[in-house]
*Asks:* 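I'd like to ask you about the structure that follows.
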2 protein chains.
Amino acid sequence: MNSDNPEHDKPGNSVKPTLGRKRNVTLKDVAAYAGVSKMTVSMILGGGPQSERFSPDTRLKVQNAASALKYHPSAVAQALTRRRMNTIGVVLSQQFTSLIDDPYICGLLDGAMAVNAAHGQNTTVFTGHVWRDATSSVPLFCDGRTDGLIMISPAIDSDFVQSLLEAELPFVLVHNEDRDPRVASVSIDNKTPMKELVQHVIHYGHTKIAFLGGFPQSRSGADRYAGYCEALALSGIPIDSRLVSSLGYHYDVGVSETQRLLSMPRDAAPTALICGCDKTALGAAKAVMNLGLRIPEDISMTGFDDIPDAALLAPGLTTVRLPMRQMGETAAILLLEQIERQEWTGRRERLPTELVLRGSVGPVQAR
Amino acid sequence: MNSDNPEHDKPGNSVKPTLGRKRNVTLKDVAAYAGVSKMTVSMILGGGPQSERFSPDTRLKVQNAASALKYHPSAVAQALTRRRMNTIGVVLSQQFTSLIDDPYICGLLDGAMAVNAAHGQNTTVFTGHVWRDATSSVPLFCDGRTDGLIMISPAIDSDFVQSLLEAELPFVLVHNEDRDPRVASVSIDNKTPMKELVQHVIHYGHTKIAFLGGFPQSRSGADRYAGYCEALALSGIPIDSRLVSSLGYHYDVGVSETQRLLSMPRDAAPTALICGCDKTALGAAKAVMNLGLRIPEDISMTGFDDIPDAALLAPGLTTVRLPMRQMGETAAILLLEQIERQEWTGRRERLPTELVLRGSVGPVQAR
DNA sequence: TGAGTGTAGTTTATCGGTACAATAGTGGTA
DNA sequence: TACCACTATTGTACCGATAAACTACACTCA
């Protein structure tokens with residue numbers, strides 16, 4: 001039996017999906033199976049108030065057809081007409097090529113994904129692997145694949161921000177702010193808590209206080225250093241440049257810098273280490289242990305971030321808790337708001353941090 | 001001046017993108033600006049051999065038009081015709097609602113994303129937040145949003161696998177295998193390394209060896225337990241059910257179970273703890289420390305996974321290193337292969353693990 | 001002179017949906 | 001009986017790209 005005109009087939013004729021090919025069941029197939037028009041199927045399956053307008057009989061027919069054929073609407077085709085992909089992009093800076101050693105990023109991602117999911121949005125992650133340099137990546141982000149971006153990056157150049165504004169792609173900066181009043185962002189105050197942390201250390205009698213900071217060109221690096229300086233200044237302690245380094249937030253930096261600092265002559269060596277972040281502090285703690293010294297008896301130490309390991313260290317690390325999850329959540333909320341309202345809100349959220357005093361800071365030892 | 005017929009406008013007329021709306025620059029705009037047809041633009045900008053067929057003059061005109069208008073092709077529209085979204089989905093089981101305390105997952109994700117990126121594929125992550133139950137989620141995954149899935153889940157029900165097979169959506173199971181010969185997977189041998197680990201402990205003279213395992217219904221839980229049993233059997237040590245628990249891979253389980261075990265009467269209490277994973281071991285170590293006992297002098301301990309913290313513990317945790325990153329990479333490769341060839345390969349990769357002997361296992365103390 | 005062969009582009013149909021306007025059928029009313 | 005309102009459904013035109021077939025024109029060669 002040769003049927004050259006399959007379109008003519010009456011409903012009830014089982015539409016065999018061409019297996020082995022990438023041909024999916026479409027609206028048309030369902031319509032043919034149910035013996036109604038495409039639009040009828042679209043409106044009924046789309047739900048909402050307009051599906052009420054159809055007779056119960058037709059609705060049933062359509063629903064049966066859809067489930068008989070295992071019909072799933074194509075998100076891509078829907079995205080094309082609706083101009084919404086229901087996907088949020090999270091962009092990690094090139095520095096975070098690896099998630100694994102960054103609980104900080106994981107927390108953010110986690111919070112953002114939870115909120116996205118709650119709003120029916122998918123999450124696409126762009127790691128440093130994907131986008132080599134900012135300029136060439138604008139097309140990548142503006143191709144309609146995502147409805148908006150959460151940019152997690154300590155340093156974003158302003159040109160890039162301008163490109164996104166021009167492209168009218170909603171976005172939120174995390175851990176960064178921009179001059180432009182349209183730009184929404186989520187960040188924390190890095191300076192004040194660092195100041196308090198250092199004051200806490202000073203309170204214990206320390207005056208030779210080393211600082212193992214992040215890169216000065218990153219906002220957090222600069223601000224944390226500013227907090228350190230301010231605390232010292234308030235107590236009239238001069239800054240000793242030999243005790244200050246800005247080599248980035250790495251475990252290894254903590255190890256090597258601590259070795260260097262603790263091998264200084266007795267009268268110059270620091271009695272307290274202010275680490276730019278917890279990871280650095282963990283490295284520093286390792287180095288201290290290797291040297292056979294104890295925390296806080298021989299040397300005091302602080303971190304920043306409060307990653308899970310900070311509590312596991314013995315003694316626990318005195319540090320500043322960043323609301324990582326909450327930052328991710330907030331970023332997602334600010335972004336979804338902009339997408340919804342189709343306008344730049346320029347909202348800037350600054351979330352509170354919390355000093356976490358554990359046992360890694362103690363009085364200066366009278367050697 | 002009222003122009004009712006903008007289509008008629010001659011090239012050179014600057015096409016002003018309607019700002020404030022979500023109207024993007026399209027092929028048509030570029031074509032109009034350059035004074036050629038849509039197809040000409042599509043073929044020239046698409047590159048490849050066919051763009052050679054056009055005169056240098058036309059090519060230049062088109063390229064200038066594209067950059068003048070800042071044209072970016074719509075990934076969604078391309079996906080519709082090409083039937084390829086160039087996006088890989090990574091599905092995390094409901095158990096991993098949070099990334100943060102799971103370096104294991106982060107490693108996998110990381111490896112997979114790196115390979116995807118290298119092949120020009122984006123990565124979308126579906127967390128437990130997104131898909132509540134397997135059955136209802138099939139549509140979510142089959143909507144054309146992704147070209148294939150990497151399923152990271154210790155336990156996947158077979159119905160779900162069948163649904164994916166039916167839907168002809170390429171996928172790879174990680175940490176799991178399926179009966180169906182079409183299903184590709186990446187996993188490790190859990191039993192053998194666990195057996196070796198326990199034998200290592202037995203070698204040090206231990207006979208009262210506790211096991212803090214994962215859930216028996218998960219493959220890794222069952223296999224690791226089997227390895228434990230086999231090692232004991234080979235040495236003729238009977239299994240003491242009081243020393244065995246299967247409460248899942250959690251820090252807290254490590255803490256509470258260790259407290260329970262070490263408060264048993266002297267003659268029954270274990271002298272070694274085999275932890276189902278490193279996280280459990282970290283919890284166990286904490287409990288041991290709280291009890292004022294030392295590792296390995298008072299009690300020996302092993303982990304499984306080799307997460308970063310395992311090395312930071314003092315003494316370092318003897319454990320089994322899983323090639324997490326590599327598993328992610330391999331999964332991505334197997335998936336891309338299937339997508340490319342448009343067929344089920346059914347390849348099953350079993351990656352080698354490595355015993356990492358650090359200091360957490362020692363001889364039985366003669367108390 | 002006319003068929004044959006490139007070159008340089010264009011036209012048409014389609015991917016799988018949705019928005020909007022149009023239409024067939026039904027009964028009520030003046 | 002013509003007119004209207006109403007309900008249930010359908011047709012048409014896109015969304016923004018691509019594949020494939022097709023056209024116009026010049027240029028060669030028998």
Side-chain angles (χ1 to χ4, degrees), chain A residues 7 11 15 17-18 21-32 34-62 66 69 71-86 139 142-145 147, chain B residues 7 11 15 17-18 21-32 34-62 66 69 71-86 139 142-145 147:
Chain A
E7 293 300 327
V15 175
T18 34
R21 301 270 186 83
K22 284 308 295 169
R23 176 82 182 30
N24 284 320
V25 180
T26 85
L27 259 191
K28 212 161 111 184
D29 300 326
V30 179
V36 297
S37 77
K38 262 171 53 170
M39 275 318 297
T40 305
V41 179
S42 174
M43 295 178 111
I44 288 178
L45 296 183
Q50 46 194 0
S51 72
E52 308 283 314
R53 299 166 25 82
F54 289 88
S55 75
D57 183 43
T58 310
R59 268 188 274 172
L60 199 65
K61 254 193 319 193
V62 167
L69 300 179
Y71 167 73
H72 311 304
S74 154
V76 175
Q78 287 182 327
L80 190 59
T81 49
R82 295 189 183 154
R83 288 157 187 243
R84 276 288 296 277
M85 192 63 200
N86 290 326
C142 300
D143 61 5
R145 193 185 291 281
D147 301 329
Chain B
E7 292 300 326
V15 175
T18 34
R21 302 273 186 81
K22 283 308 298 168
R23 176 85 183 27
N24 285 319
V25 180
T26 83
L27 260 190
K28 210 161 111 185
D29 301 325
V30 179
V36 297
S37 77
K38 266 170 51 171
M39 273 320 292
T40 305
V41 179
S42 173
M43 293 176 115
I44 288 178
L45 295 183
Q50 45 193 1
S51 71
E52 307 283 315
R53 299 171 15 88
F54 291 88
S55 75
D57 183 43
T58 308
R59 267 188 274 174
L60 199 65
K61 255 194 321 195
V62 167
L69 299 179
Y71 167 74
H72 312 303
S74 154
V76 175
Q78 286 182 326
L80 189 60
T81 48
R82 295 188 183 153
R83 287 153 186 251
R84 274 290 294 278
M85 192 64 200
N86 289 328
C142 300
D143 62 5
R145 191 184 293 279
D147 300 328

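What you see is a predicted model; the values in this text were computed from it and never measured. Order of the sequence lines sets the chain letters (A, B, ...), proteins ahead of strands, with each chain counted from 1. Keep in mind that the numbers below use all heavy atoms, side chains included, and drop hydrogens, waters and symmetry copies.
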*Asks:* Using a 4.0 Å heavy-atom cut-off across all strands, classify B:T40 as base, sugar-phosphate, or nothing.
*Replies:*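 Answer is base: heavy atoms of B:T40 come under 4.0 Å of a base.
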*Asks:* Nearest-Å distance, CG (B:D143) to P (C:dG16)?
*Replies:*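 Result: 14 Å.
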*Asks:* For residues 72-79 of chain A, run the donor-acceptor check on the side chains, cut-off 3.5 Å, and write out each pair with its distance to 0.1 Å, sequence neighbours left out.
*Replies:*
| unit_1 | atom_1 | unit_2 | atom_2 | d |
| --- | --- | --- | --- | --- |
| A:S74 | OG | A:V76 | N | 3.3 |
| A:S74 | OG | A:A77 | N | 3.0 |

*Asks:* Name all pairs fulfilling the side chain to side chain donor-acceptor pair (under 3.5 Å) condition that reach into residues 34-43 of chain A, sequence neighbours left out, sorted by first residue then second.
*Replies:*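 Qualifying pairs: A:S37-A:T40.
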*Asks:* To the nearest Å, how far apart are A:R59 CZ and D:dT7 C1'?
*Replies:*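 Atom CZ in A:R59 sits about 13 Å away from atom C1' in D:dT7.
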*Asks:* Below 3.5 Å, does any donor atom in the side chain of B:K38 face an acceptor in the base of D:dG16, or the other way round?
*Replies:*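 Checked by distance alone, the answer is no.
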*Asks:* A:Q78 has a side chain; which of C:dG17, D:dA17, C:dC15 sits nearest to it?
*Replies:*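 Minimum distance to the A:Q78 side chain belongs to C:dG17.
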*Asks:* How long is the line joining CZ of B:R145 and C1' of C:dG17, in whole Å?
*Replies:*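 Distance check: B:R145 CZ to C:dG17 C1' gives 14 Å.
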*Asks:* Please determine, for the side chain of B:R83, which listed nucleotide (C:dT11, C:dG16, D:dT9) has the closest atom?
*Replies:*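 Among the listed nucleotides, the one closest to the side chain of B:R83 is C:dG16.
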*Asks:* Looking at every heavy atom in both B:V25 and B:V30, which two are closest together, and how far apart are they?
*Replies:*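 In this case the closest contact between B:V25 and B:V30 is CG1-CG2, 4.3 Å.
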*Asks:* When you get a sec, tell me which of C:dG17, C:dT11, D:dT9 is the closest nucleotide to the side chain of A:T58?
*Replies:*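 Shortest atom-to-atom distance from the side chain points to D:dT9.
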*Asks:* Got A:Y71 and A:L45 here, is their nearest side-chain heavy-atom distance under 4.5 Å?
*Replies:*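 When only atoms from C-beta onward are counted, A:L45 and A:Y71 do touch, with a gap below 4.5 Å.
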*Asks:* At under 4.0 Å, does any side-chain N or O of B:S55 touch on OP1 or OP2 of C:dG9?
*Replies:*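 B:S55 to C:dG9 OP1/OP2: side-chain N or O found under 4.0 Å.
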*Asks:* Looking at CZ of B:R59 and CE of B:M43, how far apart are the two atoms once the value is rounded to the nearest 0.5 Å?
*Replies:*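 Here the rounded value is 13.0 Å.
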*Asks:* Scan A:V36 against the nucleic acid and name what it touches under 4.0 Å (heavy atoms): base, sugar-phosphate only, or nothing.
*Replies:*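 The answer is sugar-phosphate, as A:V36 gets under 4.0 Å only of primed atoms, P, OP1 or OP2.
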*Asks:* With the side chain of B:F54 defined as its heavy atoms from C-beta on, choose the nearest nucleotide among D:dT18, C:dG16, C:dG9.
*Replies:*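 Ranking D:dT18, C:dG16, C:dG9 by closest atom to the B:F54 side chain puts C:dG9 first.
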*Asks:* Of all the nucleotides listed (D:dA20, C:dG17, C:dT18), which has the minimum atom distance to the side chain of A:M39?
*Replies:*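 So the side chain of A:M39 is nearest to C:dT18.
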*Asks:* If you take any heavy atom closer than 4.0 Å to DNA chain C, which residues from residues 43-53 of chain B end up in contact?
*Replies:*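 Within this stretch, B:R53 sit under 4.0 Å of the strand.
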*Asks:* For A:D29 and C:dT14, what is the distance between atoms CG and P respectively, to the nearest whole Å?
*Replies:*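 After rounding, the gap between these two atoms is 15 Å.
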*Asks:* Expressed in angstrom and rounded to an integer, what is the separation of B:R82 atom CZ from C:dG16 atom C1'?
*Replies:*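 From B:R82 CZ to C:dG16 C1': 17 Å.
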*Asks:* Taking the minimum atom-to-atom distance to the side chain of B:S37, which one of C:dT10, C:dG16, D:dT10 wins?
*Replies:*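 Within the option list, the nearest is C:dT10.
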*Asks:* Counting heavy atoms from C-beta on, name the nucleotide in C:dT11, D:dG16, C:dG17 closest to the side chain of B:L80.
*Replies:*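 Out of C:dT11, D:dG16, C:dG17, the nucleotide with an atom closest to B:L80's side chain is D:dG16.
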*Asks:* Tell me the closest heavy-atom pair linking A:D29 and A:N24, and the distance in Å.
*Replies:*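 Taking every non-hydrogen atom into account, OD2-O, 3.8 Å.
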*Asks:* What is the distance, rounded to the nearest whole Å, between atom NZ of B:K28 and atom C1' of D:dC15?
*Replies:*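 Checked: the NZ to C1' distance equals 10 Å.
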*Asks:* Between A:S74 and C:dG17, is there a contact of a side-chain N or O with OP1 or OP2 at under 4.0 Å?
*Replies:*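 So the side chain of A:S74 is outside the cut-off, no N or O lying under 4.0 Å from OP1 or OP2 of C:dG17.
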*Asks:* So, does B:R145 use its side chain to make a donor-acceptor pair with the main chain of B:M85 at under 3.5 Å?
*Replies:*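 Between the backbone of B:M85 and the side chain of B:R145 there is no qualifying donor-acceptor contact (under 3.5 Å).
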*Asks:* Could you measure the distance from the CG atom of B:L27 to the CG atom of B:L69? Nearest 0.5 Å is fine.
*Replies:*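 It comes to 11.5 Å.
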*Asks:* Tell me whether the OP1 or OP2 atom of D:dT18 has a side-chain N or O from B:S42 closer than 4.0 Å.
*Replies:*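 For D:dT18, OP1 or OP2 has a side-chain N or O of B:S42 closer than 4.0 Å.
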